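This report concerns only the one structure given below.
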Amino acid sequence: MLAHTEIQTLQDKFPIMKEILKLKPVFWVNPKAKKLEEGSFSLGHKDVVEAENLWRRYTPFFKKVFPETKQLNGWIESPLEKVDSMKNELEKFYATTLEGDLFLKCDNKLPIAGSVKARGGIFEILHYAATLAQDAGLIGKEESFESLSNPEFKELFSEYTIGVGSTGNLGLSIGIMSAKLGFQVNVYMSKDAKQWKKDLLREKGATVYEFTGDFSEAVTEGRKKTNANPKGYFVDDENSKHLFLGYSTVAFRLKKQLDEKGIVVDQDHPLFVYLPCGVGGAPGGITFGLKQLFGDHVHCFFAEPVHSPSMLVGLLTGLKNEVSVQDIGIDNQTAADGLAVGRPSIFASSFSEQLVSGIYTIEDDKLFQLLQLLAKSENIYVEPSATAGFSGPFEVLNSNYMKDKSMQTEKATHIVWATGGGLVPEDEMNTFLNR
Ligand SMILES: *Cc1c(COP(=O)(O)O)cnc(C)c1O
């Protein structure tokens, strides 16, 4: 925890900090947001294209091994749905007209892991497996992974151990994929992780370690244990280029989905995307990918719980991963387990500080109300973390953001990212709905 005078200094320097410390919902516009080409990044367009090519090499394998991907031709992708009934409910809830169209990116329906973590987590495991298989001479550098289910791959992978620290969903995605490929896999779960997630992982063949500390502590411990093993590989959610790239590739497929629906994104038709943010990898990677394709015409906003505003505090102060919410006296206690992160990723925050348009916070009670509205109006069931995006359009419309940029509100398209909930058991979902 910082000294009282240091916290006072931060409040004097950044007036919005007073509201953040009082756990009041805030809306912050990023003063350092710049054009992609004016930014300085450790990755470029070429990396995103290469990542997409790696996914493509695996599609024959997915089609064969995960039948739920057959319809998608072996791609791990989710639908983009227009949610008019939810829009009506939201307009009543916020007593404001939502100008422009509202879509939901249904990552709760992503195959295999039922959350946005399928994008980053599975990609990082695929990348690691490809490197091992290529080095062992089992496969050529451009070859497809159709033969990946052959026994010689499993034999090779079984010598290696994958570790990951998680609040739940990343553990699920890494655990399920690693076990399927034949790796040994250890998942280090923070105290927020739900029992059913641990049970499911054990059932899939992962070893689960339970911690009494939060996400950062589970990651620190997992990193130490995994790196002590010469054949260990740690998926580091606080600092991972591969997770980030895995998330970024959705941009190609989202563009296709928008094209198919005849939705134009240009100067006169801005695209607004609202992304729940934990450590920042998923929203940061998606933002980076979207900026590659849509440039200045896409505006990405992150959403965090009022009790876990880690990216907001990191970017507002410029301290990024050098400050945690606990350092300033905020408890990181939220029912949105996927967002229960006290300190942002160093890798992701270095991108987002240049690309995110803004960040807002939301109270836990609102998350549950939004979850119930979505279930009632659209029959779509998500987890609490996944609803944080819904207040975004109203935050933006109530601010001067669009006015300052001379945008016509009715020509905007709003996409709320539903980041997870696909694997939530029925009884757990009922407690969400009855809360
Ligand atoms: C992990 C997660 C997020 C946020 O992703 P980060 O990479 O941690 O920022 C959002 N929603 C859900 C459901 C998640 O599991």
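What you see is a predicted model; the values in this text were computed from it and never measured.
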- prompt: Is a side-chain donor-acceptor pair under 3.5 Å present for D266 with H297?
  reply: no
task: Report the C-alpha separation of F390 and K366 in whole Å, then their side-chain angles, then the decisive distance to 0.1 Å, and conclude whether the side chain to side chain contact (heavy atoms under 4.5 Å, CB included) test is met.
output: CA-CA 10 Å; F390 279 116; K366 283 271 170 12; over 6 Å; no
field: Charged N-O contact under 4.0 Å between D337 and K197
entry: yes
message: Can you classify the ring geometry of F301 versus F272 as parallel (below 30°), tilted (30 to 60°) or perpendicular (above 60°)?
response: parallel
task: Indicate yes or no for a side-chain donor-acceptor contact from K87 to the backbone of L98 under 3.5 Å, with no hydrogens or angles considered.
output: yes
task: Describe, in one word, how the ring planes of H45 and F252 are oriented to each other, choosing from parallel (under 30°), tilted (30 to 60°) and perpendicular (over 60°).
output: perpendicular
- request: Could you verify whether a donor N or O on one side chain and an acceptor N or O on the other, from Q195 and D199, lie under 3.5 Å apart?
  value: yes
statement: Which of F394, Y274, F302, W28 passes side-chain contact (heavy atoms from CB on, under 4.5 Å) with Y360? It is Y274
task: Would you mind reporting whether I380 and M86 have side-chain heavy atoms less than 4.5 Å apart?
output: no
query: Are F41 and F288 close enough that their ring centres sit under 6.0 Å apart?
result: yes
message: Assess the residue pair R343 and E238 against the criterion (salt bridge (Lys or Arg N to Asp or Glu O under 4.0 Å)); give the C-alpha distance rounded to whole Å, side-chain angles, the decisive distance to 0.1 Å, and a yes or no.
response: CA-CA 8 Å; R343 187 187 297 279; E238 290 187 324; 5.4 Å; no
- prompt: Less than 4.0 Å between a side-chain N and a carboxylate O, is that true for E210 and K198?
  reply: yes
query: Does a sphere of radius 6.0 Å around NZ in K411 hold more than 12 heavy atoms from other residues, nucleotides or ligands, not counting ones at 6.0 Å or beyond?
result: yes
task: Name the orientation class of the two ring planes belonging to H242 and F123 (parallel below 30°, tilted from 30 to 60°, perpendicular beyond 60°).
output: tilted
query: Is any side-chain N of the basic residue among E81 and K109 closer than 4.0 Å to the acidic one's carboxylate O?
result: yes
message: Under a 3.5 Å cutoff, is there a donor and acceptor pairing between the side chains of Y401 and S357?
response: yes
- prompt: Out of Y233, F153, F157, which residue meets the ring-ring contact (aromatic ring centres under 6.0 Å, His included) rule with F183?
  reply: F157
task: Please check if atom CG in L21 has more than 12 non-hydrogen atoms from other residues, nucleotides or ligands closer than 6.0 Å.
output: yes
message: Under 6.0 Å from the ring centre and within 45 degrees of the ring axis: does the NZ or CZ of R119 meet both conditions for the six-membered ring of Y247?
response: no
- prompt: Quick check: does any side chain N or O of S166 sit under 3.5 Å from a backbone N or O of G171, one acting as donor and the other as acceptor?
  reply: yes
Validation row: D84, L102 side chains within 4.5 angstrom (heavy atoms): no
query: Under the salt bridge (Lys or Arg N to Asp or Glu O under 4.0 Å) criterion, do D214 and K191 qualify, and how do the steps go?
result: CA-CA 6 Å; D214 82 348; K191 68 166 186 301; 5.8 Å; no
task: May I ask you to say whether E37 pairs ionically with K291, meaning some side-chain N is under 4.0 Å from a carboxylate O?
output: no
Pair W55, T249: side-chain N/O donor-acceptor within cut-off below 3.5 Å: yes
- prompt: Between the side chains of N169 and E383, does any donor sit under 3.5 Å from an acceptor?
  reply: yes
field: K63 to F66, cation-pi by 6.0 Å centre distance and 45° axis angle
entry: no
- prompt: Would you say Q372's side chain and F432's backbone share a donor-acceptor pair under 3.5 angstrom?
  reply: yes
